[in-house]
Student: 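Have a look at the structure that comes next, please.
Note that the structure is predicted; figures quoted are calculated from it, not measured. One-based numbering along the sequence shown.
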Amino acid sequence: VVVDEGQVSNLLEERHVLRVQKQWEEADSIFRKLVAMGVLIDDKKKVWNLGSAAKPVKQPAIQKGQFVCETCNGCFVSRNLLFKHLRAPGPCSLHAETRGTLGHQCHESEKPSEVVKSRISKTSKTSNQNEERTHGKDGKHGKHARVARHADADVCLWLGDLPAGWAHPRRVAQLLYRYTPREVEQAWVKKVLKRQYKDQNGRSLGYAILCYRDAEEATTARKALDGLQVSLTEVLGDAKSCGRGAGSGAALEMSFVVRVRQADHGDSAQTFEEGQLCSNDLEGSSADPSLLEQLRPLPSSELQQRVGAILEDRERLLESAVASLESKPRDTRHVQGVALPSHLSLGLLKELQCLRWPAKNHRPCLTSDRYLVLHSNAKDSYSKLRGLCSELMMWADPTFYYSGVAVTKNFVASPHIDEQDKTFQFAVSLGEFSGGELCIEEDPKSVAIVDTRNRIACIDGRFVHWVRNYTGDRYSLIFYDTSDRRARPKVAAVNEMWQPCGMKPGSAEVAECLGCFDF
């Protein structure tokens with residue numbers, strides 16, 4: 001068989017470029033064409049033959065020292081220039097963002113078949129894994145969402161002039177424990193930095209950022225600590241502990257004076273862009289996360305079942321699932337939760353608005369203005385809020401056992417699954433806000449949009465769910481159970497048949513109903 005070697009070389013070169021760009025179907029089409037021509041290819045050895053001596057596969061001509069973008073095949077003399085190109089708006093940036101592989105979009109001309117490892121690729125991979133592992137109660141996510149942190153500037157203090165040995169979270173906590181007034185709860189040591197500036201004597205000093213529950217506590221602590229003479233023996237007590245800084249390797253000074261002032265910016269950031277509007281349309285709206293993010297929490301086995309194919313590459317699996325939904329969008333339906341009695345909703349909202357939140361969010365790994373977990377059997381300073389939550393559930397369903405209540409203010413999160421839940425949950429939202437409906441996937445082809453503002457809904461958090469973008473302050477209460485006391489199977493995403501009992505706490509009906517269950 002007579003074969004044009006130039007044609008074979010061109011086809012092999014074209015196939016190589018397609019494989020680098022991960023366009024597998026097009027590359028396989030060229031491979032089948034070459035096989036039909038009688039060409040045998042050994043990708044491992046990078047050779048081909050046709051009943052004759054093996055010939056090397058010609059790689060695309062790239063100058064030495066260049067880096068190539070896999071999307072547009074553009075060449076750059078340095079890796080930094082390539083990454084700048086990938087970050088700039090355009091089709092290459094979109095390609096890198098959707099695949100979540102910004103750091104893998106280049107290869108070195110000296111090793112065209114290998115991917116250059118970079119810090120950016122590791123960071124991108126780690127952030128994706130962390131996002132997949134993040135599971136929370138009730139969240140919002142969107143295209144315009146910004147990261148929001150929970151502490152305003154008026155509740156944060158700057159604690160400065162810390163010698164190197166004292167600039168450590170443990171030592172700062174010990175200092176605060178000794179000198180903080182008794183009426184003030186211990187601060188959350190948000191951050192400690194050492195050797196940030198020098199005094200007149202050339203001594204390197206550090207500082208710490210402290211977060212308190214409210215501005216009143218922060219003011220009291222500032223007045224007590226500013227200009228304070230810190231004594232090593234007063235803080236640590238015995239001479240045995242008076243050595244080196246905890247984990248710092250620096251000697252602890254016997255005495256020094258600290259300065260305290262209000263932090264410049266606190267720990268706060270604007271959650272949304274000003275003037276952001278929320279749409280009520282699920283598809284094609286910035287009110288909801290992308291289809292890719294909606295499907296990301298699903299396990300690979302579920303994705304394979306939906307696309308009808310077994311693919312080992314999870315990103316390709318997700319892309320296939322997204323493509324199937326883009327060709328045929330999912331159905332949506334609006335569901336309203338049951339309206340709360342005015343005395344319950346107003347009482348809860350008033351308590352939440354004046355609540356003294358903990359200095360440190362109970363789930364600091366999640367982004368929220370405020371996050372408080374009320375455990376059903378705990379003893380703390382939130383007895384009033386716990387009593388109002390109990391009154392609400394007595395009215396809603398006195399037989400429902402909840403191991404905790406997730407109380408949040410302006411919680412931000414991606415679509416997620418509450419994997420630790422053992423049964424359904426009740427969701428409530430309160431406050432003056434626009435948008436913020438709870439969306440939950442009922443099945444692969446439909447999504448329920450649930451209105452929970454001043455309402456309560458019975459949903460199952462083990463289905464993928466998220467909260468639409470909103471403007472204003474949104475408080476939420478999620479009554480959940482992660483214990484095995486009353487585990488129930490996963491049946492329906494939204495229980496529209498549920499109706500509240502409407503019982504009053506302490507009534508004969510409640511006593512009779514509770515008597516049927518072993519709590």
Student: Could you list the residues that satisfy side chain to side chain contact (heavy atoms under 4.5 Å, CB included) with Leu388, not counting sequence neighbours?
Tutor: Leu348, Glu351, Glu391

Student: How close do Ala215 and Val155 get, counting heavy atoms only, and between which atoms?
Tutor: N-CG1, 3.4 Å

Student: Provide the closest heavy-atom pair for Ser403 versus Thr482 in the form atom of the first, atom of the second, distance.
Tutor: OG-N, 3.0 Å

Student: When rounded to the nearest 0.5 angstrom, what is the spacing between CD in Gln336 and CZ in Arg453?
Tutor: 12.0 Å

Student: Please step through side-chain hydrogen bond (donor to acceptor under 3.5 Å, both in side chains) for the pair Tyr212 and Asp154, ending with a clear verdict.
Tutor: CA-CA 9 Å; Tyr212 290 86; Asp154 60 350; over 6 Å; no

Student: Determine whether Cys458 and Phe426 make a side-chain contact, defined as any pair of heavy atoms from C-beta on separated by less than 4.5 Å.
Tutor: yes

Student: Test your reading of the model: is there a side-chain donor-acceptor pair from Arg486 to the backbone of Thr399, 3.5 Å cut-off?
Tutor: yes

Student: Are Lys409 and Trp357 packed together at the side-chain level, in the sense that at least one heavy-atom pair is separated by less than 4.5 angstrom?
Tutor: yes

Student: Considering residues, nucleotides and ligands other than Glu302, do more than 12 of their heavy atoms fall under 6.0 Å from its CD?
Tutor: yes

Student: Are Glu319 and Arg316 ion-paired here, with the side-chain N under 4.0 Å from a carboxylate O?
Tutor: no

Student: Starting from the C-alpha separation in whole Å, work towards a yes-or-no answer on side chain to side chain contact (heavy atoms under 4.5 Å, CB included) for Leu477 and Tyr475.
Tutor: CA-CA 7 Å; Leu477 302 170; Tyr475 299 90; over 6 Å; no

Student: Of all the heavy-atom pairs spanning Ala208 and Val192, show the shortest one and how long it is.
Tutor: CB-CG2, 3.9 Å

Student: Trp498 and Phe424: aromatic ring centres closer than 6.0 Å?
Tutor: no

Student: Let me confirm one number: the CD1-CD distance from Ile459 to Gln425, rounded to the nearest 0.5 Å.
Tutor: 4.0 Å

Student: Can you tell me how far apart CG (Leu349) and CG (Leu355) are? Round to the nearest 0.5 Å.
Tutor: 11.5 Å

Student: Answer whether the closest heavy-atom distance between the side chains of Tyr207 and Val172 falls below 4.5 Å.
Tutor: no

Student: Under the salt bridge (Lys or Arg N to Asp or Glu O under 4.0 Å) criterion, do Arg462 and Asp421 qualify, and how do the steps go?
Tutor: CA-CA 7 Å; Arg462 293 169 291 184; Asp421 283 11; over 6 Å; no

Student: Just jot down the side chain to side chain contact (heavy atoms under 4.5 Å, CB included) partners of Lys191, sequence neighbours excluded, or say none.
Tutor: Leu193, Ile209

Student: Sequence neighbours left out, what passes ring-ring contact (aromatic ring centres under 6.0 Å, His included) with Tyr179? Give chain and number order.
Tutor: none

Student: Taking side chain as C-beta onward, heavy atoms only, is Val335 less than 4.5 Å from Arg333?
Tutor: yes

Student: Give, for atom CZ of Arg259 and atom CG of Leu205, the distance between the pair rounded to the nearest 0.5 Å.
Tutor: 8.5 Å

Student: Using 0.5 Å steps for rounding, measure from the CG atom of Asn454 to the OG atom of Ser429.
Tutor: 7.0 Å

Student: What verdict does the side chain to side chain contact (heavy atoms under 4.5 Å, CB included) test give for Val230 and Val235, after you've listed the backbone C-alpha separation in whole Å, the side-chain angles of each residue and the deciding distance to 0.1 Å?
Tutor: CA-CA 8 Å; Val230 177; Val235 174; 4.0 Å; yes

Student: Using a 4.5 Å cut-off on heavy atoms from C-beta on, say whether the side chain of Leu295 contacts that of Leu325.
Tutor: yes

Student: Distance check, rounded to the nearest 0.5 Å: Leu374 atom CG versus Leu385 atom CG?
Tutor: 5.0 Å

Student: Does Glu432, at its CD atom, have more than 12 non-hydrogen atoms belonging to other residues, nucleotides or ligands within less than 6.0 Å?
Tutor: no

Student: So which heavy atom on Gln262 is nearest to which on Leu157, and how close?
Tutor: CA-CD2, 4.1 Å

Student: Is the number of heavy atoms from other residues, nucleotides or ligands within 6.0 Å of CD (Gln186) greater than 12?
Tutor: yes

Student: Can you name the residues that form a ring-ring contact (aromatic ring centres under 6.0 Å, His included) with Phe479, not counting sequence neighbours?
Tutor: Tyr402

Student: Go through the steps to decide whether Gln304 and Leu317 satisfy the test side chain to side chain contact (heavy atoms under 4.5 Å, CB included), and finish with yes or no.
Tutor: CA-CA 7 Å; Gln304 291 173 351; Leu317 196 59; 3.6 Å; yes

Student: If we count only N and O atoms by modelled type, under 3.5 Å, do the side chains of Arg314 and Ser300 hold a donor and an acceptor together?
Tutor: yes

Student: Return the minimal non-hydrogen interatomic distance between Ile417 and Pro297, and the atom names on each side.
Tutor: CD1-O, 3.7 Å

Student: Test of understanding: with side chain to side chain donor-acceptor pair (under 3.5 Å), list the residues that count as partners of Asp226, not counting sequence neighbours.
Tutor: none

Student: For Asp460, is there an ion pair with Arg488 - N to carboxylate O distance below 4.0 angstrom?
Tutor: no

Student: If we only count heavy atoms from C-beta on, is the Arg296 to His416 side-chain gap below 4.5 Å?
Tutor: no

Student: Of all residues at least two apart in sequence or in a different chain, which pass the side chain to side chain contact (heavy atoms under 4.5 Å, CB included) check with Arg213?
Tutor: Glu185, Glu217, Arg356, Ala359, Ser381

Student: Any side-chain heavy-atom pair from Phe463 and Glu442 closer than 4.5 angstrom?
Tutor: no

Student: Without hydrogens or angle criteria, can the side chains of Asp380 and His375 be said to hold a donor-acceptor pair below 3.5 Å?
Tutor: no

Student: Thr423 versus Phe400: any side-chain heavy-atom pair under 4.5 Å?
Tutor: yes

Student: Given the rule in the side chain to side chain contact (heavy atoms under 4.5 Å, CB included) test, do Trp395 and Leu340 qualify, once you have shown the distances and angles that lead to the verdict?
Tutor: CA-CA 9 Å; Trp395 169 83; Leu340 296 175; 3.8 Å; yes

Student: Which heavy atom of Ser483 sits nearest a heavy atom of Tyr401, and at what distance?
Tutor: OG-CE2, 3.5 Å

